[in-house]
Amino acid sequence: MSDPQPVYLSDYQPPAYRVTHTELTFDLDPAATRVKARLHIERQATASADEPLKLDGEQLTLDALLIDGNPLSGNDYQVSDEGLRIEQVPARFTLESEVQLSPKDNTALEGLYQSNGMFCTQCEAEGFRRITFYPDRPDVMSTFKVTVIGDREREPVLLANGNPVEQGDLENGRHFAIWEDPHPKPCYLFALVAGDLHSVGDRFTTRSGREVSLQLWVEQENLAKTEHAMGSLKRAMAWDEQAYGREYDLDLFMIVAVNDFNMGAMENKGLNIFNSAAVLAHPDTATDGAFQTVEGIVAHEYFHNWSGNRVTCRDWFQLSLKEGFTVFRDQCFSAETNSAPVKRIQDVSFFRTAQFAEDAGPTAHPVRPDHYIEITNFYTLTIYEKGAEIVRMLCNLVGWDAFRQGADRYFARFDGQAVTIEDFVDCMAEASGLDLGQFMRWYSQAGTPEIDAHGEYDYAHGEYHLTLRQRTPATPGQVDKEPLHIPIAMGLVGTKSGQDLALTLDGNKLGKETVIHLREDEQTFVFTDVAEAPVPSLLRNFSAPVKLHFPYSREDLAFLLTQDSDGFNRWDAGQRLAMLALDDLIAAHRNGVEKVMDSRVVEAFRTLLADAPADKAVLAEMLTLPSEAYIAEQQPIVDVDAIHAAREFVRQSLAMALRDEFMATFEANRSSEPYAPTPEQIAQRSLKNVALSYLMSIEDEQGVALCEGQFAANHNMTDVRHALTLLVHSDRDDLASPALKTFGEKWAHDPLVMDQWFTIQVSRPQPEVIDRVKYLMAHPAFSLKNPNRVRALIGAFAQNRVNFHRLDGQGYALLADVVIELNQLNPEIAARLITPLTRWQRFDETRQVLMRSELERIQREPLSSNVYEVVEKALA
Ligand code: TRP
Ligand code: ZN
């Protein structure tokens, strides 16, 4: 077999043939489903008459093929691994085909497959070609009429996109349902679900008066876990009306929960399909974090109805057009329904840890890539999260009113079309009158820009000189980088007054906070009439996805931690302060020198606890040290053991010094109120649980008793899971084993809770974890075929820094073994699972050799294009 070849953005050609209407009939059977397609096809005016018809199709058995009712003979067409080609076709015709496929053998979970006996589909990005021969590209948009035929007993419920038009019984215990979707859509938004499903219903009236029926379809045992998703859906529908003036456009909106799903969820028109982990939530089984994730994903998929479905992508290089914009929309929604500063802190922490790492590694790519081998490898943090940061910058640059006008323009102008990122940015430029030419580089240039900043206060003239220098490191295939247009929100905080000072720049009075625009490699901004020496507060609310370095002293940071008017930067000052202390301790550990705790960090934490900010969720974030993964990102060469030791040392030092404060915080925030996932309750629980973590880090006797009590009280999964994690991660087996046993037995019937049980035990810092992983892979609740199980056990182990990176290489070997096996079963998940190994360049020589040799071992296997692409890049 030849090596898979890349596709290039520059090769884009509009389709020669369009499908104006698509009729499909599915005769469902686990091993032999028959799919009949009737496609109404038209040649484009721009295409020549001898243009062949090329349809995508994979793993299909073709049984019949007709044009305008006439069967084609074997020499009229050719079928290959990739599809079907017909040399001569009329300008307008109907193409009928009949194919056969086997859903039960589909472990890749792309196309039509079975999950727990239920039939379901996943077509984004290129799964529809595993269902029927079709131009499987997003710029071919068609209306659909779908007939689903199933077994009355086995599949009492038959669903597809759009509106139900007819249903009835057939012979032999079969029945059918017909669905029609009047909105033209690309085939990646096609969906079908059939199985023994049960629904919860509700209604929503749009502001123009359309009555929408809402249905959430789940397996019977999950009916009690649907309330939160339904509430989230209604809040999202209302929010899109109020924030963007966008209404729902069908009479029916359905969500289905399936157990086997590669990603979080899918925005199929009128029939969203969700990973059960992204939709089901009950206080006894889901944590606060899971409740918030459900709300965010339900909103995300709903928002796609406009940003993605009504206006879609011309080609997959434009993926961030729908994903970046939709993530930005769901972030704003969640910020408004929860605590806005905490939402931003959590998103940015995650972004700076995971996306920065992607940008610094061998799979770094622009938000709009210019080539790819396997598109499923490009559903990345860069496309989604960096894409959202770019949209956020756009929104801040043009201001909300112009942004909203630009969005209105975009939806109006391109409704029913498949468009590009330029089309979106052009609307913003027109609405604002701004020149966004340089800004467009954010989409084409990969890598995280770094800004070196320094400032000087000129006492004599009352001036503050702020100099910013930007550079973007080289990334694969992009050595030379051009300067970006970087908006930097900032203030100057007076060291005497502790207040934001009035800002005057180039004679313009700008108020107490402003955004400066860095466009050159280096620029100096001179603020005049600066009444007192300031500490600059830069990149407020993370106004651009960059790394900003400023030579802050620890005193400066302690000052900003309490005085900065920007809540995000107060938190960030704390993180920077902790990082300085951690750096010293990492060096001490490496040099074998005794570790000494920086008292300024202790005092800063003491002040925080004594003089707590009003938002308890923000306080909880401020009391949380940077994660080991984040700390690792800051090191030139990652020393996993030194990082772990340094962070544990800081945690324990803080716990010892502030033991009584943490105990008081814990006590003050206990509650026996009935559980509700409200921002107030979530904030209180997170603060209480942070305090408990500190107490448990020193195995404080009273703390241990409180932790055991919290576990036994069984009040809600947030508290139970947190207590269980602390017990299991403690060094005391007498605490860990009985708690794990109790929990595992209690929840053996609930796969989503068992996932948490897997994750907690394979995240322990103790070295015997590797054996535990192997043992759990044989556990009856585990299956390599289920992506959630794989993520919970193998994915979580690969995040266990000290154990995955063991110096004997066993952690790497285990991951490689799983990747090799999964490469056959589910290439998409296999390719994602390799990520930690691709970061080998960041580690010491010994680990580099071990990691590379595992990548090479994978490379010697016969590989899917997904795994092939990742491994090739990693070893390039
Ligand atoms: N479009 C989906 C979303 O972001 C992503 C998605 C769901 C997906 N399932 C997938 C992407 C399978 C690739 C393959 O909301
Ligand atoms: Zn999405």
Side-chain angles (χ1 to χ4, degrees), residues 58 106-113 115 120-131 136 138 161 185-193 229 232-233 236 240 255-279 293-313 316-334 367 369 372-388 391 787-788 790-791 826-833 864-866 869:
E58 285 174 11
N106 181 350
T107 55
L109 315 183
E110 282 181 280
L112 178 65
Y113 63 95
S115 174
C120 62
T121 55
Q122 171 54 41
C123 296
E124 188 178 4
E126 298 180 335
F128 195 73
R129 62 187 62 185
R130 295 178 185 205
I131 292 177
D136 187 2
N161 314 81
K185 65 169 180 289
C187 63
Y188 82 85
L189 292 172
F190 166 81
L192 173 156
V193 175
S232 302
L233 174 60
D240 215 15
I255 289 179
V256 186
V258 306
N259 294 316
D260 302 272
F261 201 74
N262 283 346
M263 304 272 282
M266 181 61 212
E267 69 264 25
N268 314 299
K269 184 78 186 187
L271 179 55
N272 288 1
I273 298 182
F274 274 63
N275 184 327
S276 54
V279 60
T293 300
V294 166
E295 180 176 59
I297 299 185
V298 167
H300 178 98
E301 306 309 332
Y302 175 73
F303 296 156
H304 268 316
N305 191 53
W306 279 94
S307 47
N309 300 3
R310 288 288 287 256
V311 182
T312 194
C313 302
W316 292 119
F317 296 100
Q318 320 295 326
L319 179 57
S320 195
L321 172 69
K322 74 176 175 82
E323 296 304 345
F325 187 21
T326 305
V327 170
F328 173 65
R329 277 151 55 68
D330 84 57
Q331 287 177 345
C332 294
F333 164 77
S334 293
V367 170
Y372 59 75
I373 288 179
E374 181 50 66
I375 185 59
T376 57
N377 287 337
F378 283 77
Y379 286 74
T380 60
L381 296 163
T382 299
I383 304 288
Y384 275 66
E385 317 297 326
K386 189 172 178 180
V391 175
N788 289 355
V790 172
R791 283 184 278 255
N826 188 329
E828 192 177 327
I829 300 298
R832 280 178 190 280
L833 213 56
S864 61
S865 55
N866 311 58
E869 181 175 34

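Below, all heavy atoms of this structure are taken into account, side chains as well, without hydrogens, waters or symmetry copies. Just so we're clear, the structure is a prediction, and the values are computed from it rather than from any experiment. Ligands are counted one by one from 1 in listed order, and the atoms in each one are counted from 1 as well.
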* To do: Would you kindly say whether Y188 and T312 are connected by a side-chain donor-acceptor distance under 3.5 Å?
  => yes
* Donor on one side chain, acceptor on other, S276 and N259, under 3.5 Å -> yes
* Asked: Do N788 and N275 have side-chain N/O donor and acceptor atoms under 3.5 Å apart?
  -> yes
* Asked: Which atoms of ligand 1 have any heavy atom of M266 under 4.0 Å away?
  -> 1 (N), 2 (C), 7 (C)
* Any non-hydrogen atom of K322 lying under 4.0 Å from ligand 1? -> yes
* ligand 1 atoms in contact with A265 (distance to a heavy atom under 4.0 Å) -> 2 (C), 3 (C), 5 (C), 6 (C), 7 (C), 15 (O)
* To do: With heavy atoms only and a cut-off of under 4.0 Å, state how E124 meets ligand 1: side chain, backbone, both or neither.
  => both
* Asked: Under 3.5 Å between some N or O of ligand 1 and some N or O of E301?
  -> yes
* Verify whether one side chain among E267 and N272 offers a donor that lies under 3.5 Å from an acceptor in the other. => no
* Closest protein heavy atom (residue, atom, distance) for atom 8 (C) of ligand 1 -> M263 CG, 3.5 Å
* Separation of Y113 OH from Q122 CD (nearest 0.5 Å) -> 6.5 Å
* Asked: So, is Q122 polar-close to ligand 1, with some N/O to N/O distance under 3.5 Å?
  -> yes
* Relative to the heavy atoms of E267, which atoms of ligand 1 are at a distance of less than 4.0 Å? -> 1 (N), 2 (C), 3 (C), 15 (O)
* Does the pair K322/E124 count as a salt bridge with the N-to-O cut at 4.0 Å? -> yes
* Asked: So, H300 versus E323: side-chain donor-acceptor pair below 3.5 Å or not?
  -> yes
* **Derivation and outcome, side-chain contact (heavy atoms from CB on, under 4.5 Å), residues E295 and F333** => CA-CA 9 Å; E295 180 176 59; F333 164 77; 3.7 Å; yes
* Structure fact -> Short version for E126: what comes under 4.0 Å of ligand 1, heavy atoms counted, is neither
* Asked: In the protein, what heavy atom is nearest to atom 3 (C) of ligand 1, and what distance, to one decimal place, separates them?
  -> Y384 OH, 3.4 Å
* When you measure from the Zn ion (ligand 2) to each N, O or S atom of E323, which atom gives the shortest distance? -> OE1
* Contact atoms of ligand 1, heavy-atom distance to H300 under 4.0 Å -> 3 (C), 4 (O), 15 (O)
